[in-house]
Amino acid sequence: MKRRLLLLFPLLVFLGLGFFLYRGLAMDPSARDSALLAQQFPAFTLSTLEDPDARVDESLLLEQVTLVNVWAEWCPTCKEEMPQLLTLAERGVRLVGINYKDTRVKGREFLDEFGDPFEVNIFDPDGDLGFELGVYGVPETFLVDAEGIIRYKHTGYITPEDVERVVQEVGKWR
Amino acid sequence: MALMTRAGLLLLLLITSVPVLADSAIEVRDFERPVMAERYRDLTASLRCPKCDAQAIDSSDSPVAADMRERVADLLREGRSDKEILDYMVARFGEFVLYNPRLDERTWLLWGLPFVLVMIGGFIVAVFVRKRKHAQVRALSAEEREYLNALFNREGSE
């Protein structure tokens, strides 16, 4: 009788493996937490897209919960994301953009065409700030709390279904 | 004449293809010392491209991989150690970029499982071997001996 039960062992192993592999099917392999979670937003000094003579630094992100969106004119999904960002801005979320590896002309054209939900756009033509943030595919969005600490990251574009979750995350850190 | 046209065409092809080649290939870097070039090769081969999942940054065309190679070269020239450079990348892109994940509380199962499996396998083999040994030394029972004798006798009488 005992030996008979032992015959069930491969079936159990199969079921266990099957469970984890099946769960893996529904996971997004590109979704992973930022290495910068719970860390201070990296220091920077850059100009803005709007004004080449302006200088902004990390203190821009203090005192208010801010959604920092990394975007570029050459990024097709950024265009699809803009309506959602405009909705977020309408709902009272403070948005700051990072214009990543772009030119001023193209960046401005993009905002003229798709709307500008951003309070200000940090101009990062060489992608240096993007590198500090570990950006590997635009668009990426970081939630920075009032102390300038990164609390949440959304890789890839924010879909209409994601808006509610982002609003919730923002509310959590207010 | 036809030959000359053909040669001319070939030349044209060669000339126009050179910039394309230079453009698509991974950039060549010069280091003062060969040791550094070797370290550069090892580091870029051991860092995984965050965008392309199954490719090291040394062979990836992705822009982020190019940025990372550039940074590795800069840090090497600054005299940073291999560990410092890997830490630098992990701090920005996460553990994901290491092809050899470090041993910590999240990866102990990954690193430990092979040893555990070998031990389980060894245990099973040991059990089987012991059982078999046990079976070999068991003497025949009286019944079996009788049956065997009967078989022998029958063979002999025929």
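Proteins get letters first, then strands, A, B, ... in listed order; numbering begins at 1 in each.
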Considering residues, nucleotides and ligands other than [X], do more than 12 of their heavy atoms fall under 6.0 Å from its [atom1]?
X	atom1	answer
A/Q40	CD	yes
A/E63	CD	no
A/F20	CZ	no

Applying a strict under-4.5 Å side-chain criterion to I, L, V, M, F, W and Y, I'd like to know whether [X] and [Y] cluster together.
X	Y	answer
A/F41	A/W173	no
A/L49	A/F142	no
B/L76	A/F131	yes
B/L75	B/F31	yes

What do you reckon, are the aromatic ring centroids of B/F96 and A/Y136 less than 6.0 Å apart?
->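 No.
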Part of B/M89 within contact of chain A (heavy atom distance under 4.5 Å) |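 Interface part for B/M89: side chain.
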Side chain, backbone, both or neither: which part of B/V97 has a heavy atom under 4.5 Å from chain A?
->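 Nothing of B/V97, per the 4.5 Å heavy-atom cut-off to chain A.
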Point-to-point distance, once rounded to the nearest 0.5 Å, from CG of A/L36 to CZ of B/R92 =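 So the gap between those two atoms works out to 8.0 Å.
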CZ/B/R71 to CG/A/D128 distance, rounded to the nearest 0.5 angstrom?
->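 B/R71 CZ to A/D128 CG: 5.5 Å, rounded to 0.5 Å.
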Of the listed residues (A/Q39, A/K101, A/E132), which shares the most heavy-atom pairs with chain B below a 4.5 Å separation?
->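 Top count of heavy-atom pairs under 4.5 Å with chain B: A/E132.
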Under a 4.5 Å heavy-atom cutoff, which of A/G134, A/G137, A/P42, A/S34 has the most pairs with chain B?
->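 Of the candidates given, the most pairs with chain B belong to A/G134.
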Please determine, among B/G94, B/A91, B/A65, the option with the most heavy-atom pairs under 4.5 Å with chain A.
->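 Maximum pair count with chain A is reached by B/A91.
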So which heavy atom on A/V135 is nearest to which on B/V64, and how close?
->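 For A/V135 versus B/V64, the nearest heavy atoms are O-CG2, 3.7 Å.
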